[in-house]
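Labels below follow one simple rule: chain letters A, B, ... track the order of the sequence lines, proteins then strands, and each chain is numbered from 1.
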2 protein chains.
Amino acid sequence: MGERKDKAAQTQAALKDAARRQFAEHGFLNTKITDITSAAGRAAGTFYQHFASKEDLLQALLADMHGQAGQAFEGDDGPVHDLTDPAQLREHLAVAWGVMRGNRAVMIALFESALADGPNSGALWNRLTADTSMLREHLEYLSEQGQALPGDPALIAAAMGGMLSMLAYALPPVATGSAGGDAPGYTDTQILDALSSLLLHGLAGPGQ
Amino acid sequence: MGERKDKAAQTQAALKDAARRQFAEHGFLNTKITDITSAAGRAAGTFYQHFASKEDLLQALLADMHGQAGQAFEGDDGPVHDLTDPAQLREHLAVAWGVMRGNRAVMIALFESALADGPNSGALWNRLTADTSMLREHLEYLSEQGQALPGDPALIAAAMGGMLSMLAYALPPVATGSAGGDAPGYTDTQILDALSSLLLHGLAGPGQ
DNA sequence: GTCTATATACAGATAGAC
DNA sequence: GTCTATCTGTATATAGAC
C-alpha cells in the first residue's frame, strides 16, 4: 500500500471516528460537515475527497456496523430459534439490544436520516423492517411450526423492534449527570428482564 | 369580538391548519415557514404576528391536540382500569392508537422536534413519558393491587408507548399508492388485535 | 492529499409601507 | 393586520493554491 493511499485511509478513518463522536453528542442533523472535519483535525474541503455527502458517510458507518453486528450473531443457528423459550428470547433480545446500544450514534443517525425523508416516504418502515429481519424470520419459523402468534410475523417483529429501538433512542447512554431532564438510570439487566418478561408472557403473566 | 380580532383569529386558524397539512406531508423539520404561509394564502411576515417561531406554533398545535385527546378519554374511570383484562387493555390501546393516528402530523412533528434537541437532551424520554403517563398510572395501580408486572411500571409504560408510537410513525397513514417503498397496508383492527394479544399474553400465548 | 478561501443557496426573522 | 422587501446567519459544496 503506497504512502499516499495509507495517508488517505488514515484520514478517512479519522473522519468516520469523528463523525460517530459528533453524531453521538449532537445528533446527525445537527452535525455540520465542518464539525466532523474539525473534530478530526482536518480541513473542511478534505471531507469531499472521501465522501460525497453526509448521507454517503452515514452509509459507510452503516456498513461498518453490519460487519460488527455479523460477529455478534455468530454462532446463531439461523431461524430455528424458539422465541417462546425464555432463555432463547432473552438471548436474542440481549444481542439486539447490545448492538443497538453499542452503536447508538449510528442508529440514531440512521433514524434521523429516515425521518428527514419525510413521513410518507416509507423510509422509517424500511429501517424498522431491515433492523428486525432476523426477528421476523424466527417468528415465521415458529408460525410454520404451528405456534399461534399474536399476529402477522412481520407486524409483530416490527412492533418488538419498535419497542426496542425507541427505548434505545430515548434512554440516554449512561448517567448524563443532570443534563436536560429526569431521564432514568435503568441498567441493561433491568431493561432486558422487563422486556423479556413482557414479550414472553405479556401483562397478564405466565399463569392462567 | 372586534373585526380586527376576528380577522386575526381567522388567519391564525388558517396558519395552524396549513401547518398540520404541511407537517403531514413533508414533516416538521422539512417544512419552512414560507411553506406554511403560502399554503395558508398569507404573506411570510404575517407568521410572526401570531407565533414567535415554528416551535411556538407546534406548542399551539399540541395544546389543541390535548383538548381533543381529553374528549377521547372522557368516561375513563381513572387509574382503576385493569389492563390484564382483555377488553379493557384493548380499549385503552384503541383510544391511544386513535389519538396518535388522528394526529399523526402533530405527533411526528413533536417527535422530530425532540430529536432536534439532541440525543442526550432527554427530550425524547420526556416525550415518551408524557405520552404514556396514563398508561403508567394504570400499571402503578395494578402493581399496588398486588399484580405482578414484568418490570417497573414507568419502564413498561415507556416500552408499550414506544412500540405504539414507533408503529404510528413508521406506518404511512393510508394506502399511499406505490410511493417510496413497500410499506404494508395493515388495518387498525389488525394492528390492535396483534398488539393487544402480544401485550396481554406475549409470544408464548395464554396457555401454559 | 490536504489546505484556505469562497461561491451558492436557503432558512429564519425583521423593517417599513399599505 | 397584512403585505413586500430585505437583512442576517449559516450550511453545503467547489476552486485553486500548496
Suppose we screen for side chain to side chain donor-acceptor pair (under 3.5 Å). Which residues come up paired with [X], at least two apart in sequence or across chains?
{"X": "B:Asp152", "result": "A:Tyr186"}
{"X": "A:Gln68", "result": "none"}
{"X": "A:Thr84", "result": "A:Asp82"}

Figure out the [atom1]/[atom2] separation between [X] and [N], and round it to whole Å.
{"X": "A:Asp56", "N": "D:dA13", "atom1": "CG", "atom2": "C1'", "value": "14 Å"}
{"X": "B:Ile36", "N": "C:dA11", "atom1": "CD1", "atom2": "P", "value": "12 Å"}
{"X": "A:Asp6", "N": "C:dT2", "atom1": "CG", "atom2": "C1'", "value": "15 Å"}
{"X": "B:Glu55", "N": "C:dA11", "atom1": "CD", "atom2": "P", "value": "18 Å"}

Margin query: Taking the side chain as everything from C-beta on, heavy atoms only, tell me whether A:Ile36 gets closer than 4.5 Å to A:Phe51.
Written below: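 The answer is no, as the side chains (C-beta and beyond) never meet within the 4.5 Å cut-off.
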
Checklist line | Sub-4.5 Å side-chain heavy-atom contact between A:Ile156 and A:Met160 | finding: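 Yes, their side chains come closer than 4.5 Å.
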
Margin query: What I want to find out is whether B:Arg20 reaches B:Asp64 closely enough, with some N-O distance under 4.0 Å, to be called a salt bridge.
Written below: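 Yes, this pair counts.
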
Item checked: N or O in side chain of B:Thr46 less than 4.0 angstrom from D:dC3 OP1/OP2 ->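 Yes, such a contact exists.
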
Note to self: With a 4.0 Å limit, can you tell me whether B:His50 has a side-chain N or O closer than that to the phosphate oxygens OP1/OP2 of D:dG1?
What the structure shows: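 False: B:His50 side-chain N/O out of range (4.0 Å or more) of D:dG1 OP1/OP2.
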
Item checked: Difference in axis direction between the ends of the helix from C:dG1-D:dC18 to C:dC18-D:dG1, five pairs, 10° ->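 The angle separating the two end axes equals 10°.
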
Sort me out a list of protein N/O and nucleotides 12-16 of chain C N/O pairs below 3.5 Å, or just none if empty.
| unit_1 | atom_1 | unit_2 | atom_2 | d |
| --- | --- | --- | --- | --- |
| C:dG12 | OP2 | B:Ile33 | N | 3.2 |
| C:dA13 | OP2 | B:Tyr48 | OH | 3.3 |

Item checked: Partner of B:Phe23 by side chain to side chain contact (heavy atoms under 4.5 Å, CB included), out of B:Asp35, B:Leu110, B:Leu57 ->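 Testing each of B:Asp35, B:Leu110, B:Leu57 against B:Phe23, the sole residue satisfying side chain to side chain contact (heavy atoms under 4.5 Å, CB included) is B:Leu57.
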
Check: Restricting to pairs with a member in residues 74-109 of chain B, which pass ring pair (Phe, Tyr, Trp, His ring centres under 6.0 Å), not counting sequence neighbours?
Finding: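 Qualifying pairs, neighbours excluded: B:His81-B:His138, B:His92-B:His138.
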
